[in-house]
Amino acid sequence: MKKFPLWAKIFIGFGIGLVAGIILKVAMGENAAAFSTTWIKPVGTIFINLIKMLIVPLIFSSLFVGAASIGDPKKLGRVGGKTIAFYLVTTLFAVIIGILMATILQPGALVSAEFTKLAAAKEVTKTSLATTLINLVPKNPVAALSSGNILQIIVFALFSGIAASLIGEKGQPVIKVMNSCAEIMYKITAFVMELAPFGVCALIINTICNQGLSILAGLAIVIAAVYLGSIIHAFFVYGTLVKTIGKFPILKFFKGILPAQIIAFSTTSSSGTLPATIECNENNLGVSKSISSFVLPLGATINMDGTSLYQGVCALFIAQIFGIDLTVGQIITIILTATLASIGTAGVPGAGLIMLSLVLSSVGLPMEGVAIIAGIDRILDMARTTLNITGDSAVNLIVAQTEGEMRV
Ligand code: ASP
């Protein structure tokens, strides 16, 4: 199995699970569900628990480090503030487009009837808009960490990271410790992901035995929703910004960054694509080196519009298949979590899938959803990484234009 990349192994696990699920269902009929729940599902449950184990330490340490790098007073200043504002606002738009796509295309509609009975057993916390906003601030950060209140953990991590960088030398030891914690968590994530092919296989067998094959139709629509949403976001949101604030022809912009987009699409890593992104921005768009060398690396670390758009689509899809009606407060929570979590998402393949578990747990959606998405995650990662670096480039261009840093 060594020669296959991880995504291929997960895909194979998904495929084997699919075939095994169908065979079991055909061979055992009605009894397949009980059999798979007793003998197969536990493997999937262990995988899900491993992911859950990582959520709190991973999000706290990675957001702390992300915020500390933003909060560095030397780096910030006018250009920094502007860059971060553009990054966050466009990310917000991206999640909203994702949510709209899933609401319009209803990928879960074909599956929901069969899943609803499962949902009856799940307790989903309903919160109103006002409560969501009030609850953003943790009264007791330790309680937030121990109960896994995702939004509160995010808020506390952002405050702590920014404060740590503002106190200069005195904050450095803790920043170093958090950096090291984040690295440790990434390593454990890598171990856990090695088990993903087995976890995904088990959970897909269980899904087919319990709910049948209609899940596949839902997944096909999820892919369509993510790709369509990405195209809409790229052309409408970035296109408008590039044309109005960036004063740059839209088609020339897309043509200029095409080589980087192709690399992003095939490597699914915005960090890995960074050298190509910088090259395209400087040589093809004419953005000065001083702006590109700050805005683009920061973007590869904190700006993930494709990832947050995908999280919007997937969270809604999972709610739909489990027949859960989300309140306005919960939708706002998804928007806020996906936007803020994007700061802590690493620009490496598959990072968005781990962050999806965080978005799901912020509103109490079933974690099984992660395994359902995992089988097609590589296909989705190709679109979201491409959108991620497109967003970095669009913001780079508009910041450069407003700073008079275009070489034309
Ligand atoms: N692969 C993405 C990136 O590198 C992150 C993600 O998994 O969403 O930009």
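Not measured: the values here are computed from a predicted model.
Between the side chain of T385 and the main chain of F265, no donor-acceptor pair closer than 3.5 Å is present. Within the 3.5 Å criterion, the main-chain N or O of G350 finds a donor-acceptor partner in the side chain of D381. For Q320 (side chain) and A102 (main-chain N/O), a donor-acceptor pair under 3.5 Å exists by modelled atom type. Judged by distance alone, the side chain of K25 and the main-chain N or O of C209 form a donor-acceptor pair under 3.5 Å. At distances below 3.5 Å, at least one donor-acceptor pair connects side-chain atoms of N210 with backbone N or O atoms of N206. Side chain of N281 to main chain of T277: a donor-acceptor pair is present (N/O by atom type, distance under 3.5 Å, no hydrogens or angles). Proximity of a side-chain donor or acceptor of E405 to a complementary backbone N or O of A400 within less than 3.5 Å is not detected. A distance-only check finds a donor-acceptor pair linking the side chain of Q330 to the backbone of T327 [under 3.5 Å]. Between the side chain of S230 and the backbone N or O of V226 there is at least one donor-acceptor pair closer than 3.5 Å. Remark: the backbone N or O of K289 is not paired with any side-chain donor or acceptor of S292 at under 3.5 angstrom.
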Passes side chain to side chain contact (heavy atoms under 4.5 Å, CB included), D305 versus Y238? Steps please.
CA-CA 11 Å; D305 286 15; Y238 299 147; 2.6 Å; yes

Start with the C-alpha gap between T390 and F253, add the side-chain angles, then the distance that decides, and say whether side chain to side chain contact (heavy atoms under 4.5 Å, CB included) holds.
CA-CA 10 Å; T390 308; F253 167 76; 4.2 Å; yes

Go through the steps for Y227 and M101 under the test side chain to side chain contact (heavy atoms under 4.5 Å, CB included), then give the verdict.
CA-CA 10 Å; Y227 274 76; M101 291 311 296; over 6 Å; no

Run L18 and L216 through side chain to side chain contact (heavy atoms under 4.5 Å, CB included) and show every step you take.
CA-CA 10 Å; L18 210 63; L216 293 181; 3.7 Å; yes

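Counting only heavy atoms from C-beta outward, the side chains of Y310 and V222 never approach each other to under 4.5 Å. Within the 4.5 Å cutoff, no side-chain heavy atoms of I343 are placed close to those of T91. F254 has its side chain out of reach of V242: every pair of non-hydrogen atoms, C-beta onward, lies at least 4.5 Å apart. Proximity of V295 to V287: side-chain heavy atoms (C-beta onward) are nowhere separated by under 4.5 Å. Counting heavy atoms from C-beta outward, M367 and S357 have side chains that approach closer than 4.5 Å. Side-chain contact between Q311 and S342: absent, with no pair of heavy atoms (C-beta onward) separated by less than 4.5 Å. For the pair I153 and I55, the minimum side-chain heavy-atom distance is 4.5 Å or more. Taking 4.5 Å as the limit, some side-chain heavy atom of I59 sits within range of a side-chain heavy atom of M355.
Note: F11 and F14 have parallel aromatic rings, judged against thresholds of 30 and 60 degrees for the angle between ring planes.
Summarising the local packing, CZ of F198 is surrounded by 12 or fewer heavy atoms from other residues, nucleotides or ligands at distances under 6.0 Å. More than 12 heavy atoms of other residues, nucleotides or ligands shown are found within 6.0 angstrom of OH on Y186. Annotation: I167, atom CD1; neighbour count of heavy atoms from other residues, nucleotides and ligands within 6.0 Å is above 12.
Between I10 and A374, the closest heavy-atom pair is CG2-O, 3.6 Å. Scanning all heavy atoms of the two residues, the minimum distance from Y87 to G391 falls at CE2-O, 4.3 Å. The two atoms that bring A68 and I175 nearest to each other are CB-CD1, 3.9 Å, heavy atoms only. Of all heavy-atom pairs spanning I97 and G229, the tightest one is CG2-O, 3.9 Å. In terms of heavy atoms, G256 sits closest to N284 at O-ND2, 2.8 Å. Scanning both residues, S361 and I150, for their nearest heavy atoms gives OG-CG1, 3.6 Å.
We find the CG-CD1 distance between L397 and I257 to be 9.5 Å, quoted to the nearest 0.5 Å. L158 contributes atom CG, which lies 6.0 Å from atom CD1 of I162 (distance to the nearest 0.5 angstrom). Atoms CD and OG, on Q261 and S393 in that order, are 7.5 Å from each other to the nearest 0.5 Å. Between the CD1 atom in I302 and the CG atom in D392 there is a gap of 9.0 Å [rounded to 0.5 Å]. With values rounded to the nearest 0.5 angstrom, T83 atom OG1 is found 11.0 Å from L88 atom CG. The NE2 atom of H233 sits 7.0 Å away from the CG atom of L309 when rounded to the nearest 0.5 Å.
Side-chain atoms of S269 and T267 form no donor-acceptor pair, as typed in the model, at a separation below 3.5 Å.
Ring centroid separation for the pair F93 and F236 does not come in under the 6.0 Å cut-off.
Test V395, I291, I278 against L296 for side-chain contact (heavy atoms from CB on, under 4.5 Å) and you get one pass: I278.
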